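A quick note: this is a predicted structure, and the numbers were derived from the prediction, not measured. Convention: sequence-line order gives letters A, B, ...; per-chain numbering from 1.
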Protein chains: 4
Amino acid sequence: MSLEPNSRRMELVRIAARLFRDHGYERSTVRDIATAAGMQSGSLFYHFRNKEEILVAVMALGISSTTEQLGEALAQAGNVEQRLAALFHVHLHSLLGENQAALEVMLYEWRSVSEAARPGLVVLRDRYEALWQQVLDEAAAAGLVKANTRLLRRTLLGSLHWSVQWYRKEGSLSVAELADEIMALALRD
Amino acid sequence: MSLEPNSRRMELVRIAARLFRDHGYERSTVRDIATAAGMQSGSLFYHFRNKEEILVAVMALGISSTTEQLGEALAQAGNVEQRLAALFHVHLHSLLGENQAALEVMLYEWRSVSEAARPGLVVLRDRYEALWQQVLDEAAAAGLVKANTRLLRRTLLGSLHWSVQWYRKEGSLSVAELADEIMALALRD
Amino acid sequence: MSLEPNSRRMELVRIAARLFRDHGYERSTVRDIATAAGMQSGSLFYHFRNKEEILVAVMALGISSTTEQLGEALAQAGNVEQRLAALFHVHLHSLLGENQAALEVMLYEWRSVSEAARPGLVVLRDRYEALWQQVLDEAAAAGLVKANTRLLRRTLLGSLHWSVQWYRKEGSLSVAELADEIMALALRD
Amino acid sequence: MSLEPNSRRMELVRIAARLFRDHGYERSTVRDIATAAGMQSGSLFYHFRNKEEILVAVMALGISSTTEQLGEALAQAGNVEQRLAALFHVHLHSLLGENQAALEVMLYEWRSVSEAARPGLVVLRDRYEALWQQVLDEAAAAGLVKANTRLLRRTLLGSLHWSVQWYRKEGSLSVAELADEIMALALRD
DNA sequence: TATGAATGAGCCTTCATTCAT
DNA sequence: GATGAATGAAGGCTCATTCAT
């Protein structure tokens, strides 16, 4: 299970991510993925045991790469405000940015993941949300946001997730501006 | 298209709503629906032209009955605060309450609706969101919430929608309490 | 089994004949017939035991009404030549004339008739072909056509039947002219 | 679209031709064809996009192989009389000979061909009929048959087509004898 | 690594037919 | 005579998956 970004497997995951996001997991066929990758459908099963394994790989990529990016952004942030802002910016760029299909699949195709595969993904998700929780707690301690940070985390993530349903990059707002505006709504005044 | 709550068609819509919510539209088969209704799969097509028509009927039920309930709640509310609260309470009860599967389907199965059927549903959804917009504008004028009400509407709805992913009614929080707490997060202080 | 031309049953047979001719027996549904007759599909089964009975009724109408017309035309014909001409004219008018769908169904849907129903139709067909045979024998005796009348009967009927595949009434030839021309090809010279 | 006679696709076409001829296209199921070929019904769709494509392939085989045979027979014919005879012999052998189901399907299942697929088949049919027209014109010029060759072509083809309805190879007449007798009826005397 | 061919279970849908009202 | 609702068998087709080459 190579994680090298250049490996054939990773390329397939990225192709699948885009298809799953655009048409849904159930409506995307193994043939679609293979065709987009320039191979026969049977060949995919050399790389993945079955279709669900592709889905899980997409989701794992989506959540873990976002976590990684958030980690880096937090490391570079100078103060609590910047750390808070990183939450919104990283999340939205991962969700709405170019070629960033994997996280969206993680959010909207959960029901297609078998019981067996969920725990592994939950671990990854919890790791990501733990970063959020930690920063929100810091921000609450600094008086930036309200104190009910557990619920705050969930509502904020819900707000951000939902943006895929209505945000259009052709509109007047850039992703960065949107991140700032949504953060502003969460700040105490 | 009888809207009488006792009609056979409406009964089928309710049964389908539950299946679509629990297993997803694509994973729910026409046979599943028929079996749950105690009939043969072919019989369904006496009531609906095809499977998608069932989905559309479920969605239309979900959004229009929620709109109706919100309308009634707003009519009975005495002041702006109560009207604001109605938004959260009605939405969450429609989403998380007993036997209330239809609205959730509306939110999470949009991609399975054909281009042809979307406009009709968009009209219903816009009607619902117009109520939200109106009450949020009133609340902003009264200083209860922040002024960016268009974005506020979208983020709040996102927050509420997401609750289906984590809220468990066996937990410590009732749906009403959750509504109050989420509202509290949105209030200026 | 009323044969009165005004009866409801006869009306249904005529409606079915047109549908069977235009779209084929297998492709025409009982619902199509019922709709064209302004009733529900279930109601048809008051008039006919099953779909095949409709087909048989259409075929019986087609062949027996043509036989009847041929009988009348032969009775009025003054000489052998006129009797010979009657064969071609009656057959083509029955096949290509307005509202004359039934005979064509008889020719092209034979395979859909069950073994059980065939003998009855064969009797009707033989009665019709017997008229042909008789007139052809007279014509051969008079030196109008060649002597191999049994084969002649079959090839001539084949020629006429095939006209439904290529004859267009919008073309330059009337049905009567076509009948004359085809007959001319069969005459000795 | 391999035309090699040994290819699996061609084998399936031949199997389908026989079924379509014996029971009709509409009454022959995809499962019937698969069973006759010793495979599962789903496997057929690896070779053909849909059922209609099988029908079109059968028809194309029927008409083009007959055209090919006629071309060869004409090339070997020494004089006009032999060329004229080739028309009848090739056509009847293709229609009534052993394992020759495809041409009959072409003649009797035309209504099941979609509008989209017709032009391609019409081209093939016209190519065949052009050979007929050419030879009939030569024969008329030589005084062998009557001058109205366009109508003659249609009536003769109709006569030959119809033979499938009544010819039984167990009878007293061989296919070759029948061809000669039908030709004799068309000759001037 | 990849392909070509096939599998087999399942899916949505159709449709002749039935029957209580 | 006719309807509305349903049946149930079957039909064309899809698709994840397998496997010899």
**Asked** Atom NE2 of B:H23 to atom C1' of E:dC11: distance rounded to whole Å?
**Response** 17 Å
**Prompt:** Would you say E:dA5 has OP1 or OP2 under 4.0 Å from some side-chain N or O of D:Y46?
**Reply:** yes
**Request:** Using the six-membered ring wherever Trp is involved, compare the ring planes of A:Y108 and B:Y108 and label them parallel, tilted or perpendicular (cut-offs 30° and 60°).
**Result:** tilted
**Item:** Value in whole Å for how far the C1' atom of F:dG1 lies from CE of C:M39
**Value:** 8 Å
**Asked** Over how many whole Å does the gap from B:H47 atom NE2 to F:dT7 atom P extend?
**Response** 9 Å
**Request:** Please state whether the phosphate of F:dC13, meaning OP1 or OP2, lies under 4.0 angstrom from any side-chain nitrogen or oxygen of D:R31.
**Result:** no
**Item:** Proximity to the side chain of B:K51 - top-ranked nucleotide from E:dA16, F:dT14, E:dC12
**Value:** E:dC12
**Prompt:** Of the nucleotides F:dG12, E:dT17, E:dT3, which has the atom closest to the C:F45 side chain?
**Reply:** E:dT17
**Complete:** Here the distance between atom P of E:dC12 and atom CD of B:E53, to the nearest Å, is 15 Å
**Prompt:** Roughly, in whole Å, what's the span from CD1 in D:I33 to C1' in F:dC13?
**Reply:** 13 Å
**Asked** Atom CG of C:L44 to atom C1' of E:dA16: distance rounded to whole Å?
**Response** 11 Å
**Request:** Look at C:R49 and E:dA16 and indicate whether a side-chain polar atom (N or O) is within less than 4.0 Å of OP1 or OP2.
**Result:** no
**Request:** Indicate whether OP1 or OP2 belonging to E:dG4 is found under 4.0 Å from a side-chain N or O atom of A:Q40.
**Result:** yes
**Message:** Can you tell me the base-pairing partner of E:dT13? Count Watson-Crick or G-U wobble geometry only, both distances below 3.5 Å, and say none if there is no partner.
**Reply:** F:dA10
**Request:** To the nearest Å, give me how far apart CD1 (C:I54) and C1' (E:dT17) are.
**Result:** 12 Å
**Message:** Under the criterion side chain to side chain donor-acceptor pair (under 3.5 Å), I'd like the reasoning laid out for A:S114 against A:E52: C-alpha separation, chi angles, the key distance, then a yes or no.
**Reply:** CA-CA 8 Å; A:S114 70; A:E52 199 212 356; 2.8 Å; yes
**Item:** Any C:S43 side-chain nitrogen or oxygen under 4.0 Å from OP1 or OP2 of F:dT3
**Value:** yes
**Request:** Taking only the side-chain nitrogens and oxygens of D:R8, find out if one of them lies under 4.0 Å from OP1 or OP2 of E:dA6.
**Result:** yes
**Asked** Between F:dC15 atom P and A:N50 atom CG, what is the distance in whole Å?
**Response** 17 Å
**Item:** Sugar-phosphate only, base, or nothing, as touched by B:V30 at under 4.0 Å among non-hydrogen atoms
**Value:** base
**Message:** Tell me whether B:K51 forms a cation-pi arrangement with B:F45, defined as NZ or CZ under 6.0 Å from the six-membered ring centre and within 45 degrees of its axis.
**Reply:** no
**Item:** Which residue lies more 5' along DNA chain F, comparing A:E52 with D:S41 via nearest heavy atoms
**Value:** D:S41
**Prompt:** Can you find a side-chain donor-acceptor pair between A:D32 and A:T35 that sits under 3.5 Å?
**Reply:** no
**Prompt:** So which nucleotide does F:dA20 pair with, by the Watson-Crick or G-U wobble rule with both distances under 3.5 Å?
**Reply:** E:dT3
**Message:** Under a 4.0 Å threshold between the charged nitrogen and the carboxylate oxygen, would C:E26 count as salt-bridged to C:R111?
**Reply:** no
